[in-house]
Amino acid sequence: MTATADIRRLFLRLLLVAILAIFLAQALFPFAWMAITAFKRDSDLYNPTNNPFLFNEPPTLAHFRLLFKETKFPRWIVNTAWVGLATVLITLVLALPAGYALARLRGRVGQNLGIAVFLTYLIPPTLLFLPLSQIVSSIGLQDNTWSLVLTYPSLAVPFVSWLLMGFFRSLPQELEEAALVDGATRFTAFWRILLPLAVPGILTAVIFTFTLAVNEFIYALTFVSISDLKTVSVGVPTDLIRGDVFFWGAIMASALVVSLPVALLYNAFLDRFVEGLTAGALR
Amino acid sequence: MVSTAVPRVAARRGVVRRVRWEFWLLLPATLYIFLLIGFPLVLSIYYSLSHISVGRRDYSFAGLANFRAILADEIFRQALRNTVLITIVVLIAVLVLSTILATALAERFPGKPIIRYLLLLPWASPVVMSTIAWKWIFDSQYSVINWIARKLHLIGPYEFPQWLGIPSLAIISIIIVQVWRILPFATVITLAGTSAVPRELIEAALVDGAGFFTRLFRITLPLVRPILGVAILFTALFTFTDMAVVWILTRGGPYNTSHVLSSWAFQVGIVAGDLAQGAAIALFMLPVLAIVAVWVLRLSHREVTE
C-alpha cells in the first residue's frame with residue numbers, strides 16, 4: 001500500500017517537473033533565440049550547416065554597434081521615451097481624479113459609472129484607428145509624435161481609472177474626513193494625505209501606461225510614417241525588416257534591448273494588472 | 001405668483017449645488033474618453049455608410065453599399081473566417097494549456113516564485129518585439145524549427161517548409177504566437193481562481209476517494225467557472241482584435257490568405273485609402289465586442305445581487 005503510494009507520488013512529481021520544463025522551454029525560447037542571434041557573427045548565422053544553438057564562431061557585438069551607430073534605433077528609443085512619459089503624465093492627470101471620484105461615489109450611480117468606464121477599455125484601437133487618422137490629419141498632427149501623445153492616454157485612462165478606483169477604495173475614508181474636519185480643503189486632503197498613501201497604486205498605473213506606450217503598434221503605424229519620428233515598436237518592424245536584406249542580428253539585438261527591460265518591469269506588476277481585470281469583470 | 005417663484009429659484013440653486021464634487025472630478029476623463037473613444041466609434045459607423053476615402057472627403061450617404069462590396073470580396077470573407085478560426089483555436093488551446101499550467105503551479109515546489117515569473121514573461125514582453133523574434137524563428141531559410149525537424153529526419157535534408165509562405169502554415173504560425181503570448185495571462189487568472197477553491201473541499205473529496213479528474217471536473221472547474229469566464233472573455237477579445245501579430249508575421253500574405261479583420265481593415269482603409277470600406281470591415285468586430293460587454297455586465301450584475 002505505502003509502496004504504491006510512494007510510486008504514485010514519485011510519478012506525480014516527475015510529471016510536474018516534466019510539465020514545468022516543457023512550459024518553461026516554450027515560454028523562454030524566443031528570448032533565448034533573440035540573445036543567441038544578437039551575439040552571433042553573420043557568417044555563423046547564415047550558414048545552414050552550422051548548429052544554430054551553438055556559437056560556431058566567437059560571439060560579437062557587431063550587431064549592437066550597427067544598431068546604435070548606423071540605424072535610427074537610438075532616435076526611436078528617444079521618441080518612445082518622450083511619448084511614453086508624456087502619455088503617463090496625461091493619463092495620471094485625467095485618471096487620478098477620476099479614480100478617486102469613482103472610489104468615493106457610493107451606491108448604484110458610482111457602481112454603474114465604474115462599469116461604464118471599464119467597458120470603454122474593451123473598445124480596441126483596431127476599431128478606432130481609421131476615423132482617428134482623419135481627425136489627426138485634420139488638426140495637422142500627421143507625422144508628429146504629438147498625435148501619439150494625445151491619443152495613447154485614451155488606451156490607458158479607462159483601465160487606470162479603474163485600477164486607481166480599487167486602490168483608493170482600499171484606503172480608509174476616515175483619514176481624509178479627519179483632515180476635512182480640521183479645515184483642510186478636499187484638494188489638500190487628497191494631495192497631502194491620500195496621494196502619498198497611494199504611491200504603490202500610482203506606480204502600478206505608471207508602469208502599465210508606459211509599457212502600453214512602448215507596446216502600441218496600430219496608431220503609431222497609422223499616424224507616423226517619417227522614419228525619424230517613429231517609436232521602436234514601429235521603427236524596428238518597418239525600417240529594419242526588409243525583404244531582401246539580412247539584418248537579423250541587429251533586429252534581434254533591438255528586440256532584446258527593448259523587450260527585456262520592459263518585460264522584467266511589467267512582469268513584476270502583472271498580478272496587480274490581472275487583479276484589476278478580474279475585479280473589473282466580477283465586481 | 002411671487003411667493004412660488006422664490007422657492008423655485010432656491011430649489012434650482014439647490015440642484016446646482018447638489019452636483020457633487022465627484023462628478024466634477026470625473027468630468028475631464030469622461031470628456032476625454034468621449035472625444036477619443038466615443039466620437040471615433042460613432043464616426044467609424046458613419047464612415048462605413050458613406051463614400052469617404054483618403055483623397056476624397058465625400059461624406060454623402062452610401063447606404064449599405066460598402067457592406068455589400070466587402071461581403072462580395074473573397075479576401076474579406078477569408079479574413080473573417082481566419083479571425084473566427086484563429087480566435088476559436090487559440091481559445092481552446094489557451095484554456096486547456098492554462099488549466100494544466102495552473103494546476104502544476106498550484107503545487108508546492110522549490111524555486112516556485114522564479115519559475116512562475118519566467119513562465120509569465122511572454123505576456124509581459126512587448127508584442128511587437130516578441131513577434132519579430134518569432135518571425136525569425138519561422139524564417140524561410142534559417143528557421144530553427146526546420147533545422148530541428150531535419151535533424152530528427154521529419155523532413156528531408158533539402159526541404160525548407162515555408163512557415164509564413166504557405167497559407168495553412170501561416171495561419172498555424174499566427175495561432176502559435178497568439179497562444180504563446182496569451183497563455184501566461186490566462187494562467188494567472190486561472191491560478192487566482194483555483195487558489196480560491198477551499199482546501200477543505202479538495203480534502204473532503206480526497207477522503208471520499210475522488211480521483212484527480214473527478215476533482216478537476218466536479219469541484220475545481222465548476223467553482224472557478226466565473227473566473228474562467230474572465231479568462232475566456234479577454235483571450236477572445238485580445239485575439240479577435242489584435243493586428244500586430246498578423247501584420248508583422250505575414251502582412252496578410254501569402255496572397256492575402258492570412259488576413260484577419262483588423263489587418264484587412266488597415267490594408268483597405270490606410271494602405272489603399274478607402275476609409276469607408278475599411279471602417280465597414282473593422283465594424284465586423286463590433287458583434288464580438290457587444291457579446292463581451294454584455295458578458296461583463298452580467299458578471300458584474302450577478303456579483304452585485306449575490
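Each chain gets a letter, A, B and so on, in the order the sequences are listed, and its residues count up from 1. Keep in mind it's a predicted model, so treat the numbers as computed, not measured. Only heavy atoms go into these numbers, but all of them, side chains included; no hydrogens, no water, no symmetry mates.
The part of B/L237 that comes within reach of chain A is its side chain, from C-beta onward, which places non-hydrogen atoms under 4.5 angstrom from that chain. Of the two parts of B/L183, only the side chain, counted from C-beta on, holds a non-hydrogen atom closer than 4.5 Å to a non-hydrogen atom of chain A. Interface residue B/W147: only side-chain heavy atoms are found under 4.5 Å from chain A. In this structure, the portions of B/I132 lying under 4.5 Å from any heavy atom of chain A include both its backbone and its side chain. When heavy atoms are compared at a cutoff of 4.5 Å, B/L120 approaches chain A by way of both its backbone and its side chain. Using a 4.5 Å cut-off between heavy atoms, B/Y117 contacts chain A through both its backbone and its side chain. Residue B/A192: no heavy atom, backbone or side chain, is found under 4.5 Å from chain A. In this structure, the portions of B/F109 lying under 4.5 Å from any heavy atom of chain A include both its backbone and its side chain. Contact of A/I135 with chain B is made through the side chain alone, with heavy-atom distances under 4.5 Å. In this structure, no portion of A/P125 lies under 4.5 Å from any heavy atom of chain B. Neither the backbone nor the side chain of B/Y46 comes within contact range of chain A; no heavy atom of the residue lies under 4.5 Å from a heavy atom of that chain. Neither the backbone nor the side chain of A/N112 comes within less than 4.5 Å of any heavy atom in chain B. At a 4.5 Å heavy-atom cutoff, B/L35 makes no contact with chain A through either its backbone or its side chain.
In plain terms, the two heavy atoms of A/M252 and B/A133 that are nearest each other are CE-CA, 3.6 Å. Shortest non-hydrogen contact noted between B/P40 and A/L132 is CG-CD2, 3.8 Å. Residues B/M243 and A/F217 come closest through the heavy atom pair CE-CE2, 4.1 Å. Pairing each heavy atom of B/P126 with each of A/N215, the nearest pair is CA-OD1, 3.2 Å. Of all the heavy atoms in A/L130 and B/G278, the pair that sits closest is CD1-C, 3.2 Å. Across every non-hydrogen atom of A/V157 and B/I33, the tightest pair is CG1-CD1, 4.0 Å.
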task: Kindly indicate, with the supporting measurements, whether the criterion side-chain contact (heavy atoms from CB on, under 4.5 Å) is fulfilled by B/W134 and A/W33.
output: CA-CA 9 Å; B/W134 279 103; A/W33 212 237; over 6 Å; no
query: Would A/L105 and B/L26 satisfy side-chain contact (heavy atoms from CB on, under 4.5 Å), going step by step from the backbone distance to the final call?
result: CA-CA 10 Å; A/L105 269 177; B/L26 269 172; 3.9 Å; yes
- prompt: Can you list the steps and then say if A/F187 with B/W21 is a ring pair (Phe, Tyr, Trp, His ring centres under 6.0 Å)?
  reply: CA-CA 11 Å; A/F187 179 77; B/W21 58 269; over 10 Å; no
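Counting heavy-atom neighbours within 6.0 Å of B/K151 NZ, excluding the residue itself, gives a total of 12 or less. With a 6.0 Å radius and a threshold of 12 heavy atoms from other residues, nucleotides or ligands, B/F39 has its CZ atom at or below the threshold.
When each of A/V117, A/L264, A/I19 is checked for heavy-atom pairs under 4.5 Å with chain B, A/L264 comes out on top. Of the listed residues (A/T151, A/T211, A/V17, A/V214), the greatest number of heavy-atom pairs within a distance under 4.5 Å of chain B belongs to A/T151. The residue among A/A255, A/A263, A/S254 with the most heavy atom pairs within less than 4.5 Å of chain B is A/A263. Of the listed residues (A/L155, A/I218, A/L221, A/V109), the greatest number of heavy-atom pairs within a distance under 4.5 Å of chain B belongs to A/L221. Looking only at heavy-atom pairs under 4.5 Å with chain B, the residue among A/P158, A/A268, A/S161 that has the most is A/P158. Between chain B and the residues A/A98, A/A116, A/S154, A/S137, the largest count of heavy-atom pairs under 4.5 Å involves A/S154.
Taking CD1 of B/I137 as the start and CE of A/M34 as the end, the distance is 8.0 Å to the nearest 0.5 Å. Rounded to the nearest 0.5 Å, atoms OG1 (A/T120) and CD1 (B/I37) are 4.5 Å apart. Rounding to the nearest 0.5 angstrom, the gap separating the NZ atom in B/K135 from the CD1 atom in A/I251 is 9.0 Å. Residue A/T126 holds its OG1 atom at 9.0 Å from CG of B/L261, rounded to the nearest 0.5 Å. Atom CG of residue B/L105 and atom CG of residue A/L20 lie 6.0 Å apart, to the nearest 0.5 angstrom. Of the inter-residue distances, the one linking A/L12 atom CG with B/E107 atom CD reads 7.5 Å to the nearest 0.5 angstrom.
With A/Y46 contributing its side chain and B/Y142 its backbone, the two residues share no donor-acceptor pair below 3.5 Å.
Applying the side chain to side chain donor-acceptor pair (under 3.5 Å) rule to A/K230 yields the partners A/T238, A/D239; only residues at least two apart in sequence or on another chain are considered. With sequence neighbours left out, the side chain to side chain donor-acceptor pair (under 3.5 Å) criterion links A/E216 to A/Y152.
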